[in-house]
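Here is the structure we will look at.
By convention in this document, chain letters (A, B, ...) are assigned in the order of the sequence lines, proteins followed by strands, and residues within each chain are numbered from 1. Here the structure is a predicted model, which means the values were calculated and not measured.
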Protein chains: 2
Amino acid sequence: MANTSKFNRGDVLRKASDLFWGKGFAGTSIRDIQDTVNMRPGSIYATFGSKEGLFKESLLNYAGAMERKMDAYIGNAHNPIVGLQQYVEYNIIEGATCHPSGVCMLFKASGEFNGQNPALFQFSQTLLDGFENKVTQIFADAKQAGFVAEDFDEANAGQQFVIQFTGLRNYFNGRNTPELAKQLIDKMFVNLVNETH
Amino acid sequence: MANTSKFNRGDVLRKASDLFWGKGFAGTSIRDIQDTVNMRPGSIYATFGSKEGLFKESLLNYAGAMERKMDAYIGNAHNPIVGLQQYVEYNIIEGATCHPSGVCMLFKASGEFNGQNPALFQFSQTLLDGFENKVTQIFADAKQAGFVAEDFDEANAGQQFVIQFTGLRNYFNGRNTPELAKQLIDKMFVNLVNETH
DNA sequence: AGACCTTTTGAACGATTGCTCAATAATAAA
DNA sequence: TTTATTATTGAGCAATCGTTCAAAAGGTCT
């Protein structure tokens, strides 16, 4: 062995992720990152290879944090679908005050790279698909546990969840109307549990 | 009088708008614009003042074109709500092949500028509000003409329209599954016309 | 034609971009 | 302590960024 790294990779990725999430890929400069993660360019490039490499890892880190947060809400709820709703409320209502952007970073990346950077577009699409699959699995588990009707369609529900969640996040981005948001999220879940074959 | 302008302002704005729509504000350089609109920097700055000024006019031009397209679909349909649905299908299905981005430029701008550029964020939010108001008015007219029930809530429907439209556009951005898109748009409108007080 | 005014041109500005690399520092094993 | 190996530093590269401006060109009037 030799010299050991001074930086915690997870901390660096969290900070870089927040920067990219708020300002976008093109809107974030390596110097922005240098300043907030307190690393010199040589160190950044030795660790992540390129701005694109750092972005890919940041996006991966974001998706992972997203899923862990969702798991936490579901784990604390007796009904996984109620946990899912609380997770949505957290993102749209509380998240508005403490997140770098109201819009999902995965969709923001997908929108920024589509037609611009096929590799990064593909990468973000794959993570989005993974998210939809995860939600679908949660709905499948909820069905198995008897929280929804037997003719409930978890695939449709997963699809609708992603669409509604995206629509609502965009709509309430920059808007500060938590009571209206709460009301529309309620409506979203009333419709969701009625997704049948 | 003196020398007259060689460029058609509308053409220039259309091309600049498409560039910004596809690549975003930060991702588009003035040199990109120089090349596609065939103007020298001095001319661009004499006409539009700055990159931000050009973007604002481009966004305004985009919103105007959006509304004209919507009016055209509604004007050609016997039922304005059917026209609205055809407009949505055009954007999500046909538009996927001929538009610079599957995502609405207004939301893309709103997402890019939130927390970054308050003036441009406000500007995009105002245009989004205008779009929702226009859709709400269309629903109100449809109600007046008897195309929906008397307890139909046009404000709720306008709100839901914007949310669903955004969610679907994002979901089908880069996805090439027109039959699934058609199916989900149908479902969206079935739910929309049942928006009541 | 000539005078007058506006538009267009394009070289060039300082700032910033993503990124490199030789030098230096820091650690673990011998 | 020495040696081997790895991490960090930061000045600085070439390219590109948004923007400016004096000069040239183009059009309308008398």
Side-chain angles (χ1 to χ4, degrees), chain A residues 1-59 109 112-113 116-121 123-124, chain B residues 1-59 109 112-113 116-121 123-124:
Chain A
M1 282 297 144
N3 196 359
T4 57
S5 179
K6 286 171 60 183
F7 305 105
N8 180 303
R9 198 184 185 93
D11 284 346
V12 169
L13 282 174
R14 241 185 310 282
K15 288 175 184 169
S17 183
D18 277 1
L19 220 49
F20 280 131
W21 185 5
K23 299 156 74 97
F25 178 75
T28 306
S29 73
I30 292 290
R31 264 141 181 116
D32 285 336
I33 289 162
Q34 284 174 223
D35 294 344
T36 66
V37 307
N38 194 31
M39 285 174 82
R40 256 40 61 199
S43 248
I44 296 174
Y45 280 84
T47 311
F48 301 104
S50 66
K51 191 188 178 186
E52 281 202 19
L54 176 57
F55 187 86
K56 281 180 85 167
E57 280 211 51
S58 298
L59 204 64
E112 180 169 1
F113 293 130
Q116 280 301 120
N117 186 326
L120 283 179
F121 174 72
F123 190 76
S124 61
Chain B
M1 283 297 145
N3 195 359
T4 57
S5 179
K6 286 170 61 183
F7 305 103
N8 180 304
R9 198 185 184 93
D11 285 345
V12 168
L13 283 174
R14 242 186 310 281
K15 287 176 185 169
S17 183
D18 277 1
L19 222 48
F20 280 131
W21 186 5
K23 297 155 76 95
F25 179 74
T28 306
S29 73
I30 293 289
R31 265 139 180 121
D32 286 335
I33 289 162
Q34 285 174 223
D35 295 343
T36 65
V37 307
N38 195 30
M39 284 174 81
R40 259 36 63 199
S43 247
I44 295 174
Y45 278 83
T47 312
F48 301 104
S50 66
K51 190 187 177 186
E52 283 201 18
L54 175 57
F55 187 86
K56 282 179 83 167
E57 280 210 52
S58 298
L59 205 62
E112 181 169 3
F113 293 130
Q116 280 302 120
N117 187 325
L120 282 179
F121 174 73
F123 190 76
S124 61

Requested in this report: Give a yes or no on whether a salt bridge exists between A:Asp11 and A:Arg14, defined as a side-chain N under 4.0 angstrom from a carboxylate O.
Outcome: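 Salt bridge present between A:Asp11 and A:Arg14.
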Report task. With sequence neighbours excluded, tell me which residues meet side-chain hydrogen bond (donor to acceptor under 3.5 Å, both in side chains) with A:Arg31. Result ->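 With sequence neighbours excluded, A:Arg31 shows a side-chain hydrogen bond (donor to acceptor under 3.5 Å, both in side chains) to no residue whatsoever.
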To the nearest angstrom, how far is [X] atom [atom1] from [N] atom [atom2]?
{"X": "B:Ile30", "N": "C:dT9", "atom1": "CD1", "atom2": "P", "answer": "15 Å"}
{"X": "A:Lys6", "N": "D:dT9", "atom1": "NZ", "atom2": "C1'", "answer": "9 Å"}
{"X": "A:Arg31", "N": "C:dA15", "atom1": "CZ", "atom2": "P", "answer": "13 Å"}
{"X": "B:Gln34", "N": "C:dT8", "atom1": "CD", "atom2": "P", "answer": "14 Å"}
{"X": "A:Phe55", "N": "C:dC19", "atom1": "CZ", "atom2": "C1'", "answer": "19 Å"}
{"X": "B:Arg9", "N": "C:dT8", "atom1": "CZ", "atom2": "P", "answer": "11 Å"}
{"X": "A:Asp35", "N": "C:dG18", "atom1": "CG", "atom2": "P", "answer": "12 Å"}
{"X": "A:Ile33", "N": "C:dT16", "atom1": "CD1", "atom2": "C1'", "answer": "15 Å"}

May I have the list of side-chain donor-acceptor pairs in residues 52-59 of chain B shorter than 3.5 Å, sequence neighbours left out?
residue: B:Glu52; atom: OE2; partner: B:Asn117; partner atom: ND2; Å: 3.0
residue: B:Glu57; atom: OE1; partner: B:Arg9; partner atom: NE; Å: 3.4
residue: B:Glu57; atom: OE1; partner: B:Arg9; partner atom: NH2; Å: 3.4
residue: B:Glu57; atom: OE2; partner: B:Arg9; partner atom: NH2; Å: 2.6
residue: B:Ser58; atom: OG; partner: B:Leu54; partner atom: O; Å: 2.7

Report task. Establish, with yes or no, whether the OP1 or OP2 oxygen of C:dT6 is under 4.0 angstrom from a side-chain nitrogen or oxygen of B:Ser5. Result ->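 Answer is no, no contact under 4.0 Å.
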Query raised in the report: Within less than 4.0 Å of OP1 or OP2 of C:dT17, is there a side-chain N or O belonging to A:Ser29?
Result: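 Yes, A:Ser29 has a side-chain N/O under 4.0 Å of OP1/OP2 on C:dT17.
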Query raised in the report: Heavy-atom contacts under 4.0 Å between residues 37-51 of chain B and DNA chain C, which residues?
Result: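 Contacting residues: B:Arg40, B:Pro41, B:Gly42, B:Ser43.
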Query raised in the report: Do A:Thr47 and A:Phe7 come close enough that some side-chain heavy atom pair is under 4.5 Å?
Result: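 Of all side-chain heavy-atom pairs linking A:Phe7 with A:Thr47, none is under 4.5 Å.
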Query raised in the report: Given side chains that start at C-beta, do those of A:Pro41 and A:Ile44 come closer than 4.5 Å, heavy atoms only?
Result: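 Counting from C-beta outward, A:Pro41 and A:Ile44 never come under 4.5 Å.
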Query raised in the report: Only one of B:Phe20, B:Phe25, B:Phe121 forms a ring pair (Phe, Tyr, Trp, His ring centres under 6.0 Å) with B:Phe113, so which one is it?
Result: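 Running ring pair (Phe, Tyr, Trp, His ring centres under 6.0 Å) over B:Phe20, B:Phe25, B:Phe121 with B:Phe113 returns exactly one hit, B:Phe25.
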